[in-house]
Amino acid sequence: MISSKVKVLLTGGAGYIGSHVAKLLTKYDYEVIIIDNLFSSQPQKVYGRFYKSDLREEGKLLEIIKKEKPDIVLHFASFISVPESIEKPFLYYENNVGNTIKLLSAMKKAGVKNFLFSSSAAVYGIPDIIPVPETAELKPINPYGETKAIIEKILRDMAEAGEINYISLRYFNVAGADPEGEIGPNYKQPTHLIIRALKVAKGEIPYLEIYGTDYPTPDGTCIRDYIHVMDLATAHLLALEYLLSKGESIVLNCGYGRGFSVREVISVVKKVTGIDFKVIETKRRAGDPPILIADNTRIKKILKWEPKYDSLETIIKDSWKWELKQK
Ligand SMILES: NC(=O)c1ccc[n+]([C@@H]2O[C@H](COP(=O)([O-])OP(=O)(O)OC[C@H]3O[C@@H](n4cnc5c(N)ncnc54)[C@H](O)[C@@H]3O)[C@@H](O)[C@H]2O)c1
């Protein structure tokens, strides 16, 4: 492990994934600094030194980065909903692209060069090869995926010119909660399948919708590669250490290399909770690729990443434990 004196700045570090990474970094004695505007999250706990601030406020952003002088920035802050990005594209380009450029600009002015980017499997669109490798063509089919692909292009060009060292982590479908039960998904408006299914099981939402049952998959519903948030947090720790020690820019898929259909997920949620809830089949949503599964050969080889929670049941059990703790 790298020195405990390393200073890590997390944008969006009060959100779901950022807070799990922040907790892990604190455990390993990293100095954690967080910038978050709390627009989309409602954290019960924030790890590290917290600045409640919006990335769009350039002056304040530069002031924080100059003052803190982090060794590395982990950039989680963004809007994350595919359907919303189709309805309100400008909002997504403004926050996910515009504010990332403001962040990179502040880093440049403050002389901070190391960057971990929260990218997404949405950059692949409908891939020609499944499991999809990092070398696949980027052809996003919704504005959300487009915003991530644009930032990746900017990072690649900056790295080639020696302006930045970065790792782009392309997350597949992140789910689960801290196995110690301290934190979990804290979205103000949850849209993800597993969280919504658990809220239906709990009686907070009347029924669960399946968007599309005529996809070219064995049971007609979309297939996704669900990854436990703690395995993803570990991937960040390894990526950060790799970047700080080797300075080599890379792009890495973060997924398990296997997928579950919406129907399969629902059936495991019913099994874990012991509750048979109402499910309604409805038409496809725009912007959903039929199948997304990661080829994770590269991350396993380069970072020696070894998943510990690679079971859909474990993911759902940890999420259910968390959900039951919420009022
Ligand atoms: N959840 C997933 O399955 C998934 C999959 C692929 C990629 N990602 C990416 O991972 C990152 C984190 O996602 P998450 O699921 O933790 O979402 P989240 O909404 O819980 O976290 C994002 C945090 O960023 C904050 N934020 C947004 N815009 C901001 C701004 N302009 N200034 C300051 N703070 C701002 C939000 O308030 C929130 O706390 C995002 O970049 C997302 O695109 C997530």
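Salt-bridge check for K271 with E313: passed, with a basic side-chain N closer than 4.0 Å to an acidic carboxylate O. Ion pairing between a basic and an acidic side chain is recognised when a charged N comes within 4.0 Å of a carboxylate O; E94 and K88 show no such pairing.
If you run side chain to side chain contact (heavy atoms under 4.5 Å, CB included) between V200 and each of I275, V269, L208, only L208 comes through. Residue E323 forms a salt bridge (charged side-chain N to carboxylate O under 4.0 Å, His left out) with just one option from R196, K317, K199, and that option is K199. Each of K321, K23, K325 was compared with D178 under the salt bridge (charged side-chain N to carboxylate O under 4.0 Å, His left out) criterion, and only K23 meets it.
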Could you walk me through whether E68 and K7 pass the salt bridge (Lys or Arg N to Asp or Glu O under 4.0 Å) test, one step at a time?
CA-CA 8 Å; E68 294 289 357; K7 255 192 181 186; 3.2 Å; yes
side-chain contact (heavy atoms from CB on, under 4.5 Å) between E281 and T221, worked out
CA-CA 10 Å; E281 296 183 0; T221 64; over 6 Å; no
Walk me through whether N142 and Y92 qualify under side chain to side chain donor-acceptor pair (under 3.5 Å).
CA-CA 11 Å; N142 52 61; Y92 275 66; over 6 Å; no
Could you walk me through whether Y144 and S81 pass the side chain to side chain donor-acceptor pair (under 3.5 Å) check?
CA-CA 7 Å; Y144 168 71; S81 157; over 6 Å; no
List the steps, then state whether side chain to side chain donor-acceptor pair (under 3.5 Å) holds for H75 with T100.
CA-CA 8 Å; H75 181 39; T100 301; 2.8 Å; yes
Would V21 and F76 count as a side-chain contact (heavy atoms from CB on, under 4.5 Å) if you check the C-alpha gap in whole Å, the side-chain angles of each, and the deciding distance to 0.1 Å?
CA-CA 10 Å; V21 174; F76 299 94; 3.7 Å; yes
Any chance you could lay out the side chain to side chain donor-acceptor pair (under 3.5 Å) test for D318 and Y309, step after step, and finish with the verdict?
CA-CA 10 Å; D318 285 343; Y309 304 96; over 6 Å; no
Please assess D157 against E163 for the test side-chain contact (heavy atoms from CB on, under 4.5 Å), listing each intermediate value before the final yes or no.
CA-CA 9 Å; D157 291 346; E163 292 183 312; over 6 Å; no
Please walk me through it: do D231 and K308 pass side-chain contact (heavy atoms from CB on, under 4.5 Å)?
CA-CA 6 Å; D231 278 334; K308 267 176 65 186; 3.7 Å; yes
Check the pair K27 / E180 against salt bridge (Lys or Arg N to Asp or Glu O under 4.0 Å), numbers first and verdict last.
CA-CA 13 Å; K27 226 180 203 171; E180 291 169 2; 2.9 Å; yes
Set out, in order, the CA-CA distance, both residues' side-chain angles and the distance that settles salt bridge (Lys or Arg N to Asp or Glu O under 4.0 Å) for K102 and E57, then state yes or no.
CA-CA 9 Å; K102 286 181 181 170; E57 291 174 42; over 6 Å; no
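In this structure, the side chain of K148 does not engage the main chain of A121 through any donor-acceptor pair within 3.5 Å. The backbone N or O of G98 sits nowhere less than 3.5 Å from a side-chain atom of R56 that would complete a donor-acceptor pair. T147 places no side-chain N or O within donor-acceptor distance of the main-chain N or O of Y93, the cut-off being under 3.5 Å. Within the 3.5 Å criterion, the main-chain N or O of I223 finds no donor-acceptor partner in the side chain of S261. T11 places a side-chain N or O within 3.5 Å of a backbone atom of A77 that can act as its donor or acceptor partner. Checked by atom type and distance alone, the side chain of H192 never pairs as donor or acceptor with a backbone atom of I194 at under 3.5 Å. At distances below 3.5 Å, not a single donor-acceptor pair connects side-chain atoms of R170 with backbone N or O atoms of S118. Side-chain N or O atoms of E84 include none that pairs as donor or acceptor with a backbone N or O of I80 at under 3.5 Å. The main-chain N or O of V132 is found under 3.5 Å from a side-chain atom of N253 such that the two form a donor-acceptor pair. In terms of modelled atom types and a separation under 3.5 Å, the side chain of D36 and the main chain of A14 share a donor-acceptor contact.
Put simply, CD1 on I315 and NE2 on H228 are 6.5 Å apart, with the number rounded to the nearest 0.5 Å. The CD atom of E204 lies 10.0 Å from the CG atom of L198; values are rounded to the nearest 0.5 Å. Between atom CG of residue D225 and atom CZ of residue F260 there is a gap of 9.0 Å, rounded to the nearest 0.5 Å. Considering CG of D295 and CD of E134, their distance stands at 6.5 Å, rounded to 0.5 Å. For the atom pair CD of E31 and OG1 of T26, the computed distance is 10.5 Å after rounding to the nearest 0.5 Å. Residue E63 holds its CD atom at 9.0 Å from OG of S53, rounded to the nearest 0.5 Å.
Counting non-hydrogen atoms of neighbouring residues, nucleotides and ligands closer than 6.0 angstrom, the NZ atom of K67 reaches no more than 12 such neighbours. Around CD of Q42, the count of heavy atoms belonging to other residues, nucleotides or ligands within 6.0 Å exceeds 12.
Two residues are said to be in side-chain contact when any heavy atoms from C-beta on lie closer than 4.5 Å; L38 and K52 meet this criterion. With contacts defined as side-chain heavy-atom distances shorter than 4.5 Å, the pair N96/I151 does not qualify. You'll find the side chain of S319 stays beyond 4.5 Å of the side chain of I195, heavy atoms only. The side-chain heavy atoms of L91 and N95, taken from C-beta on, include no pair separated by under 4.5 Å. Side-chain contact between S85 and F79 is absent, with no heavy atoms from C-beta onward closer than 4.5 Å. Considering only heavy atoms from C-beta on, D71 stays 4.5 Å or farther from Y30 through its side chain. The shortest side-chain heavy-atom distance between D128 and K139 falls under the 4.5 Å cut-off.
Across S311 and R258, no two heavy atoms sit closer than the pair N-NH2, 4.4 Å. Between H236 and L232, the closest heavy-atom pair is ND1-O, 2.8 Å. Of all heavy-atom pairs spanning R284 and P216, the tightest one is NH2-CD, 4.2 Å. Closest heavy-atom contact between K66 and A110: CG-CB, 4.0 Å. The heavy-atom pair separating M230 from P179 by the smallest distance is CG-CD, 3.2 Å. Taking every heavy atom of both residues into account, G247 and N165 meet most closely at O-OD1, 3.5 Å.
By the criterion of side-chain heavy atoms lying less than 4.5 angstrom apart, applied directly or through intervening Ile, Leu, Val, Met, Phe, Trp or Tyr residues, L10 is not grouped with I65; the two fall into different hydrophobic clusters. No chain of hydrophobic side-chain contacts below 4.5 Å, direct or via other Ile, Leu, Val, Met, Phe, Trp or Tyr residues, connects V229 to F172. Following chains of ILVMFWY side-chain contacts shorter than 4.5 Å, one cannot reach Y124 starting from Y171, and the two form parts of different hydrophobic clusters. Cluster annotation: I167 and V6 are assigned to the same hydrophobic cluster (Ile/Leu/Val/Met/Phe/Trp/Tyr, side-chain heavy-atom contacts under 4.5 Å, transitive). When hydrophobic clusters are built by joining Ile, Leu, Val, Met, Phe, Trp and Tyr residues whose side-chain heavy atoms come closer than 4.5 Å, directly or via intermediates, I164 is not grouped with L116.
The ring of Y16 has its center closer than 6.0 angstrom to the ring center of Y187.
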